[in-house]
Amino acid sequence: MAEFTSSKLDADSHLLLDQPLLRLPTELLRKTLKSAQRQIEMTNKNITSATQSFNPQASPADTLASLDATLAKAQSLKRKLEALHAEEQALHRQQKARINHLQELHSIPTLADVKYDQWSRKRLDRLLVDYLLRQGYTQSAKELAREKNLEELVDIGVFEECGRVERSLIEGRTQECLAWCTDNKQALKKISSNLEVELRLQQFIELARSGDTKHRMDAIVHARKHLANGQDAQFGLRAAGLLAYGPDTLVEPYRTMYSPTRYQTLATLFLQTHHDLFALPTQPLLHIALSAGLSALKTPACHSVHALQPSTLTGAPVCPICSTELNDLARNVPYAHHTKSYMEDDPVVLPNGRVFGRERLRVLNEKLGMKGGRVRDPTEKNGVEWSESEVKKVFIS
Amino acid sequence: MDGILTAHAALEKSGNLSKAIADVQLLIQHLQKARDAVAETPELTAMHMAKLKQPVKASFDQIEEDLKEVNKGLNHYQKAVKDKFKAAQLPAAGADGGVLGKEAGLVNRAIAMHLLREGKFDVAHTFVREVNERAPAGTGDEGKESKGEERWREDFNLPSDFAMDEGDGARLPGGQLQSKFSEMYHVLNSLNNQHDLGPAIAWARVNSNELERRGSNLEFELAQLKFIELYTSCEDPYHPFAGPLQALQYARDTFPAFSSRYCKQTSNLLGSLAFSTALDQSPYTSFFHDESTYTNVAATFTREFCGMLGLSEASPLYTAVTAGGISLPILEKVERVMAQSRGQWTSVNELPVETPLPPGMQYHSIFVCPVSKEQGTDANPPMMLPCGHVIAKESLEMHARGKSRMKCPYCPNESHPREAKRVYI
């Protein structure tokens, strides 16, 4: 066992898992800003054109009416901005709560501190909610977040929306996801995402699938409108090729394109794009933390055929990897690397080959009510009794 | 962190839409003024409208400036976050979601059990329901579920209400784990919040044999506490001995059943009876004025209760995730270094580097062969030579190859390889 050199807490490296916590609200703030920009641009265009195109010949009543309309537009802009501002403030509060949560860690000097324990528990709850949300167990996630008072630290809204769109794709609908694409048009362009074209291609496939001439004509119109707009020519080519084959074709790639599993592929693509856009990791953070933790804790003994039942009396706390919750889960992860043996002080070996620290053996035998001079292997239910002289010192370096 | 804090303060103060809203309000006022003017003096409409153009343009210019300000604030903040995290990538935990991605069933089980342990029965309930609802749909397009998936949910076939009101005797069929943990919470709740020993004593009596076999002191500790409780229960000034007498009666009924190893404690307790009127000055005062006794007994109880179920006393999920948090920085670094050469760290059966954990997180003894530096495993177990030195089996075989007697690598002792004995560490 490597010396655990110091239990000093290096907060900066410790926060590795917590990047997304700060990033997501920022991305959302950007989104709010973008919508504000769009609203303002639109209103600007409308109002400016209205004031520029003033017709001196128009009757005063008409002018008044047009002014009223302009005024209404400005007021509606104000309302929209106010709504966005409220959103923005909520996000700022969320950011603040998250910064505070991370800041707390910086004030904890060592891992042995009780406060670290509390912090780590909070982190676990956070990771659990993240996991539940990603797996679509939204109700559980909400309840847990509420009971633990974590609402500011988790992104229920974002994942709920994401899950809604994902499900609609799996159920074979593209509208929801297209609407989402429109909402995030600029951002998608920036990361040159294919998501929207893929969705348009799917619509085309549906039109082509039905087979009658009218729909096929519609399909062509659709393709001209959406699949020939300067993006990868591949989409247009594939679409055109598809028309030559019926839905029951075995010819690739058209068979795959007609296949209903394409919706699953689209859903996966959507998830990827969505997580990319919001700087979310593609895997649940719980997986990352847990697989690292399982490995760090796991020893060859945890899955050995000689492993003791976790309920066996050993005087030591039950190892979390040996405990039912994690035992099967940890079966296939690598075990921790050690370069030095780690033994209790003064190890001794019983005649049956089991090694104990001398002191622990004594305490356990006392608890088992053994009389002086006699010992038993405490891990065995009705073990043999030996004379103390049969207990041998063992040298393990 | 300070950088982020300053940037965030700036966002809250000025990097937001409030200024833009104020400027839109100004624009509205301009428009309103123009409208009022037109209404008042229709003959000057043309002039009013001409006068409006400039302020409208200025307003929109200003609003755009406001937004630029917000944008700048956001950029600043984002940069602060980036500086803070130095663009460290998250470790991938293995390709395709790693081992855990394929074991969703087992992960779910671990979570459900964790929730029960935390006493979050309602959340656990909802969670199991949601998992169950999903299960049939999941099998359709994702193929087979892992084996663990089916089994664990049976443990959670929830009873409609929890066994909260009766300590024992209220074992419900099905929902085993659920009822176990609600039993545990019931006992703990009585102990910690009401200082009521009843449920704990009842539980300990039911499980008396098992506890004794585990060498647990729980039953005696509870009896001891009960004795003290009775001793001090009666405040009636007219019967100053009522409490001690009750305690004596209890001791007579209960203590003889305990094994002789508690002899010393029982005589101490009974000895205190002689001092019943002046306990505070007696040598036994520490028995009676120890605030932490209930907490200690509660901790012992939790340990025994979980231990008998084969579960560790602290939630393994918590321990594992905390250990993960501690070792991730090291693993992240390794992954970065190994990215080109050998692939991810979950691809081999031992981690490539040491991930030191705090002492409280070391649960097993570790044997590392001093010759080969490999850890003892089932295939390559530790072997003890007659002199008491231990090396791994493979090292032993290597060392003894072609010789009938071999010298211990660590002392002058010579032995036959057959004399080496497997030890269990």
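Quick note on labels: first sequence line is chain A, next is B, and so on, each numbered from 1. Keep in mind that the numbers below use all heavy atoms, side chains included, and drop hydrogens, waters and symmetry copies.
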Measure [X] against the heavy atoms of chain A and call it side chain, backbone, both or neither at under 4.5 Å.
X        : value
B/Leu52  : side chain
B/Val24  : side chain
B/Leu317 : both
B/Leu27  : side chain
B/Asn71  : both
B/Asn16  : both
B/Asn380 : neither
B/Val321 : both
B/Glu12  : both
B/Cys387 : backbone
B/Ser327 : side chain
B/Met361 : both

Would you mind telling me which of B/Ser18, B/Ala20, B/Ala50, B/Pro42 has the largest number of heavy-atom pairs within less than 4.5 Å of chain A? B/Ser18
Would a 4.5 Å heavy-atom cut-off, applied to side chains only, mark [X] and [Y] as touching?
X        : Y        : value
B/Ile326 : A/Tyr116 : yes
B/Lys53  : A/Thr48  : no
A/Leu15  : B/Lys84  : yes
A/Leu111 : B/Thr322 : no
A/Ser341 : B/Ile366 : no
A/Tyr131 : B/Val107 : yes

List the steps and the verdict of side chain to side chain contact (heavy atoms under 4.5 Å, CB included) for A/Leu350 and B/Tyr424. CA-CA 10 Å; A/Leu350 292 172; B/Tyr424 301 87; over 6 Å; no
Please round to the nearest 0.5 Å and tell me the distance separating atom [atom1] of [X] and atom [atom2] of [Y].
X        : Y        : atom1 : atom2 : answer
A/Gln135 : B/Ile111 : CD    : CD1   : 8.0 Å
B/His30  : A/Thr70  : NE2   : OG1   : 14.5 Å
B/Thr319 : A/Leu326 : OG1   : CG    : 8.5 Å
A/Leu329 : B/Arg109 : CG    : CZ    : 8.5 Å
A/Leu297 : B/Leu357 : CG    : CG    : 5.5 Å
A/Lys148 : B/Glu118 : NZ    : CD    : 4.0 Å

Do we see a donor-acceptor contact under 3.5 Å between the side chains of [X] and [Y]?
X        : Y        : answer
A/Asp125 : B/Tyr318 : no
A/Ser140 : B/Glu130 : yes
A/Thr26  : B/Gln78  : no

Apply side chain to side chain contact (heavy atoms under 4.5 Å, CB included) to the pair B/Glu64 and A/Asn44, showing each step before the final yes or no. CA-CA 10 Å; B/Glu64 263 156 39; A/Asn44 187 357; 3.5 Å; yes
Check salt bridge (charged side-chain N to carboxylate O under 4.0 Å, His left out) between A/Glu325 and all other residues, then give those that pass, not counting sequence neighbours. B/Arg117
Side-chain (B/His8) to main-chain (A/His92) donor-acceptor, under 3.5 angstrom: yes
Interface residue of largest heavy-atom contact number with chain B, from [options], under 4.5 Å:
options                               : value
A/Asp68, A/Val349, A/Val363           : A/Asp68
A/Val394, A/Ile99, A/Ile396, A/Leu290 : A/Ile99
A/Glu41, A/Lys73, A/Arg123            : A/Arg123

Please determine whether ring pair (Phe, Tyr, Trp, His ring centres under 6.0 Å) holds for the pair A/Tyr137 and B/Phe127, giving the CA-CA distance in whole Å, both sets of side-chain angles, and the decisive distance to 0.1 Å. CA-CA 7 Å; A/Tyr137 304 130; B/Phe127 178 56; 5.3 Å; yes
Please find the pair of heavy atoms, one from [X] and one from [Y], that lie closest to each other, and give the distance.
X        : Y        : result
A/Leu294 : B/Ala320 : CD2-CB, 4.3 Å
B/Tyr77  : A/Leu22  : OH-CD2, 4.1 Å
B/His364 : A/Cys322 : NE2-SG, 3.3 Å
A/His85  : B/Ile21  : CB-CD1, 3.6 Å
B/Arg129 : A/Gln139 : NH2-CG, 4.2 Å
B/Phe60  : A/Ile40  : CE2-O, 4.0 Å

Determine, stepwise, if the pair A/Thr63 / B/Arg35 fulfils side chain to side chain contact (heavy atoms under 4.5 Å, CB included). CA-CA 9 Å; A/Thr63 312; B/Arg35 190 207 171 275; over 6 Å; no
Let me see the working for B/Leu351 and A/Tyr335 under side chain to side chain contact (heavy atoms under 4.5 Å, CB included), right down to the final yes or no. CA-CA 6 Å; B/Leu351 290 183; A/Tyr335 49 78; over 6 Å; no
Carboxylate-amine/guanidinium proximity below 4.0 Å for B/Glu350 and A/Lys298: no
Residues A/Lys340, B/Glu354: salt bridge by 4.0 Å N-O rule: no
